Each structure stands twice: as structure tokens, then as C-alpha cells.
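One structure is given below, encoded as C-alpha cells.
Quick caveat: nothing in here was measured; it's all calculated off a predicted structure.
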2 protein chains.
Amino acid sequence: MKKVLPRRARAKQKRLSPEDRRREFVAKATEFFSEEGFDGGTRDLARRLGVTQPLLYRYFPSKDDLIKEVYRTVYLEPFDAGWEKLLTDRSQPLRERLQEFYQAYTDVIFTRKWLRIYFYAGLKGLDINRWYIGVVEDKILSRVVRECRHEAGLPEQGEPTAAEIEMAWVLQSGIFYYGVRKYIFESPVLEDKRQVIGDALDVFLTGFARVFATATGPRRAPAKAVG
Amino acid sequence: MKKVLPRRARAKQKRLSPEDRRREFVAKATEFFSEEGFDGGTRDLARRLGVTQPLLYRYFPSKDDLIKEVYRTVYLEPFDAGWEKLLTDRSQPLRERLQEFYQAYTDVIFTRKWLRIYFYAGLKGLDINRWYIGVVEDKILSRVVRECRHEAGLPEQGEPTAAEIEMAWVLQSGIFYYGVRKYIFESPVLEDKRQVIGDALDVFLTGFARVFATATGPRRAPAKAVG
DNA sequence: ATAGTTGATGATCAGGCGATAAACAATCAT
DNA sequence: ATGATTGTTTATCGCCTGATCATCAACTAT
């Protein structure tokens with residue numbers, strides 16, 4: 001009689017708890033999808049996990065559900081509450097606060113994984129990107145504007161105008177796209193991130209003060225709120 | 001005997017020359033792929049063209065060849081030689097030259113179609129994006145830097161340093177990402193593009209002059225060329 | 001040891017994909 | 001009108017995709 005052998009001499013690995021195993025799947029799926037896009041096949045994904053494809057469906061009811069969990073981990077995990085305090089702590093010079101903040105922020109999002117997932121999701125037209133952009137405006141840019149007003153000796157009352165937020169976006173995007181060029185397009189860049197951020201901040205801060213200081217009266221069209 | 005009817009009462013449209021028909025296919029394929037991504041199916045594409053799927057293979061040997069032609073039209077068509085002259089015509093004030101240039105440039109690339117194709121291609125890791133980034137540096141940014149040096153009364157000899165190019169990238173990206181937010185993420189933005197560009201230029205020009213004027217000596221690390 | 005529960009697999013399904021070949025329709029030259 | 005040529009469709013191939021189900025293995029509690 002033929003003895004039934006174990007089908008595969010699996011490396012003896014401790015059996016993880018279901019939640020941990022699930023998390024492991026999500027983590028590796030994130031890497032996988034960030035490379036292949038969300039059209040990557042479940043078979044390739046399973047091979048990467050070292051398991052067979054049907055097993056995925058024991059842990060996730062469908063591919064879409066798995067993808068949703070990938071979004072969640074990528075977008076929600078990294079947002080650090082400490083950043084807000086960092087931005088508004090006026091015991092430190094603004095220039096240094098911003099340098100520290102953008103240093104920390106880009107340490108988190110300047111990875112091939114994060115940036116690629118971000119654009120794959122964006123091209124799919126998911127709300128999650130619009131939501132994220134709203135969070136950036138609320139938690140980062142509006143605070144930057146307020147601190148810049150303070151620094152420039154401008155009146156601080158009133159919400160940031162749409163034009164001011166746009167200017168903060170120019171700074172934000174300028175720094176952000178440095179990461180895009182480096183990690184998505186893999187184009188050669190000036191490697192010293194600290195310097196790039198520092199120079200961007202220097203230009204922005206001196207420029208912002210001078211430009212918006214003379215902008216109490218309407219320079220061009222008054223900055224209308226956008227619906 | 002059953003008379004053979006024309007299979008479909010096709011709207012009487014003049015038969016186009018093969019080249020024109022081909023161009024028509026490429027144009028509509030560009031729209032299609034910009035929405036669906038390059039994983040969009042040839043059947044869906046054909047339906048959009050109002051023809052059957054195998055017909056595509058009469059005009060293009062494979063789907064990949066069709067896609068390559070899409071790239072060509074998107075990337076190569078729009079680059080306008082006039083832009084270079086616009087940037088370097090010192091009979092005009094720099095501020096106005098840059099305003100005009102970015103106005104014209106963004107008139108071309110700020111479309112859902114262009115931007116989406118750009119990122120789909122970028123995520124695929126195609127050389128064409130790196131090539132495009134190189135073109136931007138050569139044709140736009142290095143000229144911007146030179147003109148800024150001139151404007152700020154700095155010595156003009158020597159190639160732009162890597163740090164200077166990076167600063168021009170911050171401006172470029174800041175404006176570029178305004179279009180990304182609007183046309184890819186479809187996020188609400190300040191609608192007055194002219195003002196956004198204008199403000200970005202004001203901040204950049206005043207900032208650049210002040211920051212790099214004091215930068216003749218090494219401020220932080222000297223800007224080394226990147227390999 | 002044995003029964004019960006959870007983890008993982010092999011085989012398979014229906015549907016979609018890119019691509020091909022042969023048949024038919026429309027146009028053009030003579 | 002006739003034949004040649006080009007444009008278009010129908011039918012189909014092999015392959016890959018997400019998903020399902022029955023089966024077997026591994027671990028746990030008794």
C-alpha cells in the first residue's frame with residue numbers, strides 16, 4: 001500500500017493566527033499590486049505568497065475585497081497625529097518646523113509602494129484619493145498657510161483663501177513630485193532630499209511673505225472660494 | 001432564393017483613405033486607453049470604434065503596436081518649438097514670458113486624456129517617461145534657470161546646477177500637479193488657472209532671486225551633479 | 001488514540017482575452 | 001460588366017482570469 005506523503009515538504013513555519021496570516025497576505029498583496037497594478041492576477045499573487053490561488057478565497061471573499069484592504073492599510077496606517085503638532089508648535093522657527101515635517105512626511109510616502117498604489121487608485125477614480133486630498137488640505141496646507149500668515153505678520157483671522165491654499169499646494173506638489181520622479185519614473189534626481197526640501201522651503205517662505213504681504217488689496221481677481 | 005442583405009445598414013460615410021482611417025483608430029484608441037488603461041480590451045475598443053474586433057488587426061499587427069502609436073501621438077505631437085523661443089526672448093519681461101509659456105504649455109497637457117496616458121505609461125515603467133522628463137529638463141527647466149540667473153543679476157556662465165534644476169522642478173511640479181488634481185483626481189481647485197500660475201511664478205521668482213543670490217558660496221552641501 | 005475543526009490543495013467552470021483564418025462586401029480599374 | 005483589390009465580418013482557437021467545490025492535511029481538545 002502506498003503511504004500518503006505530505007504533498008510538499010514545507011519549511012517548518014509556525015502556524016500564524018488567522019488574523020496574522022490575513023495581515024501577512026494583505027501586506028504582501030500590497031507589494032504585489034503596487035508592482036503589477038490591480039490587474040495583476042490572483043495566481044501570480046498566490047505564487048508570491050507561496051500558496052495556491054484558491055486559498056486566497058478562504059481569507060477574502062473576492063479579489064476586490066482584498067484590494068479594499070490594501071487601500072486601507074496604505075492610506076490610513078501612516079498618517080501620524082504628531083505631524084499636526086509639529087506644524088503648529090510656535091516655540092520652533094517656522095522654517096525648521098516645515099523642514100522637520102516634510103522630512104517626516106516624505107519618509108513615509110516616498111516609497112515605490114506607496115506612490116504607485118496612490119496613482120493606481122487615482123487612475124481608477126476612487127473616492128479615496130479625493131478624500132486624501134481633502135485631508136492634506138485640512139491637516140497640512142491650511143495649517144501651513146496660517147503659520148505663514150503669522151510669520152509674515154499678516155492678519156490671521158479668517159479661513160485660508162482658495163488662492164493661499166493653492167500656493168501651499170504648489171509647495172506641497174513641488175516636494176511630492178520629487179518623490180514621483182525618483183520612485184515612480186526612476187529618473188535621476190539630486191539625491192540630497194534634505195537640501196531639496198530646504199531650498200523649496202526657502203523659496204516658498206521668502207516668496208510667500210513678499211507676494212501675499214502686498215496682496216491685502218485685490219492684485220488680480222480676488223480669490224473667490226470655489227464651490 | 002434568399003437575397004443577401006448588407007449585414008448592417010451602415011450610415012453612409014465616405015470611405016476614408018487607409019492612412020486617415022488608421023489615424024482615426026489611433027485617436028479614438030487614445031481616448032479609450034486613457035479612460036480604461038492599457039488593459040482595456042480590444043473588444044470594448046472595437047465597439048467604441050463602431051467596428052468588429054478583428055478589424056483592428058488589419059491596421060495594427062498587435063495590440064502593443066497600437067499602444068505604441070498612441071504613445072507617439074500623445075507625447076510627440078504637442079511639443080511646440082515656439083515655446084523655446086518664448087522662454088528666451090529677452091525683449092519681454094521674464095515674468096510675462098513664463099506666464100505665457102506655462103499658459104500655453106498647460107493648455108496642451110492639462111487634459112484628462114494627456115495626463116492619464118502619462119501616468120499609465122509611467123506606472124508601466126516605460127522609457128518614454130524618463131525620456132520626457134529629460135526633455136523637460138533640457139528644453140524648459142535649464143532655460144528657466146538661465147533666465148532666472150540673468151534676471152537676478154547672477155553670473156550666467158556654466159550649466160545649471162543640479163540644485164537649481166531641482167528648484168525649477170518644484171515650480172514645474174507645483175503647476176503640473178494643479179492639473180493632476182483637477183483632471184485626474186477631479187478634486188475641486190481654484191478655477192482661475194491664470195491666477196494659480198501667476199501666483200506660483202511670483203513666489204518662485206522673488207524666492208529664487210533672494211535664495212540663490214546668497215548661494216554663490218556653498219550654503220549647505222555643494223550641488224553635485226548626479227550620476 | 002480519536003473526533004472535530006481549521007488550513008490548504010487539485011481539479012474544474014464559465015467567461016474574457018488577444019489573435020487567426022476563411023468567407024463575404026464594397027470599391028476600383030479596365 | 002468583369003476581375004482584382006481592399007475592407008469588414010463571422011467563427012473560432014488557445015490561453016488566462018476570478019471563482020467554486022470536494023478532498024486531503026494539520027493542528028487541537030478530549
- Message: Taking ring pair (Phe, Tyr, Trp, His ring centres under 6.0 Å) as the definition, give me every residue that meets it alongside B:F25, ordered by chain and number, with sequence neighbours left out.
- Response: B:Y59
- Hits for ring pair (Phe, Tyr, Trp, His ring centres under 6.0 Å) against B:Y105, two or more places apart or cross-chain, chain-then-number order -> B:W83, B:F101
- Note on the structure: side chain to side chain contact (heavy atoms under 4.5 Å, CB included) filter on A:D39, not counting sequence neighbours, yields B:D39
- Item | Whole angstrom value for the distance that separates P of C:dT9 from CG of A:L49 | 11 Å
- Item | Note, A:I197 side chain near A:L98 side chain (heavy atom, < 4.5 Å) | no
- Message: Going by ring pair (Phe, Tyr, Trp, His ring centres under 6.0 Å), name the residues that satisfy it together with A:F204, two or more places apart in sequence or in a different chain.
- Response: A:F208
- Atom pair distance, as rounded to whole Å: CZ in B:F38 and P in C:dC17: 17 Å
- Query: If only side-chain N and O atoms of A:T52 are considered, is one of them under 4.0 Å from the OP1 or OP2 phosphate oxygen of C:dA8?
  - Reply: no
- Task: Specify the separation, in whole Å, of atom CD1 of A:I67 and atom C1' of D:dT17.
- Result: 13 Å
- Whole-Å distance between C:dG7 C1' and A:E19 CD? 14 Å
- Message: Does a side-chain N or O of B:R21 approach OP1 or OP2 of D:dT8 to a distance below 4.0 Å, or not?
- Response: yes
- Sorted by number, residues from residues 54-65 of chain B placing a heavy atom under 4.0 Å from DNA chain C are B:P54, B:Y57, B:S62, B:K63
- Query: Within the modelled atom types, does a donor on one side and an acceptor on the other bring the side chain of A:R43 and the base of D:dG18 under 3.5 Å apart?
  - Reply: yes
- Task: Take the protein atom CG of A:L45 and the nucleotide atom P of D:dT17, then report the distance between them rounded to whole Å.
- Result: 12 Å
- Item | Partners passing side chain to side chain contact (heavy atoms under 4.5 Å, CB included) against B:A168 (at least two apart in sequence or in another chain) | B:L141, B:V145
- Note on the structure: Applying side chain to side chain contact (heavy atoms under 4.5 Å, CB included) to B:Y177 and not counting sequence neighbours gives A:Y118, A:F119, A:W169, A:S173, A:F176, B:V180, B:R181, B:F185
- Query: How close or far is atom P of C:dA11 from atom CD of A:Q53, stated in whole angstroms?
  - Reply: 14 Å
- Rounded to whole angstrom units, what separation is found between the CZ atom of A:R22 and the P atom of C:dG7? 12 Å
- Item | 5′-ward residue of the pair A:D39/B:P18 relative to DNA chain D | B:P18
- Task: Measure from CZ on B:R47 to P on D:dT10 and round the result to the nearest Å.
- Result: 13 Å
- For the pair B:E31 and B:K113, find out whether any cationic side-chain nitrogen is under 4.0 Å from an anionic carboxylate oxygen. no
- Query: Do any of residues 25-34 of chain B sit with a heavy atom less than 4.0 Å from DNA chain C, and if so which?
  - Reply: none
- Message: According to side chain to side chain contact (heavy atoms under 4.5 Å, CB included), who are the partners of A:R58, at least two apart in sequence or on a separate chain?
- Response: A:L55
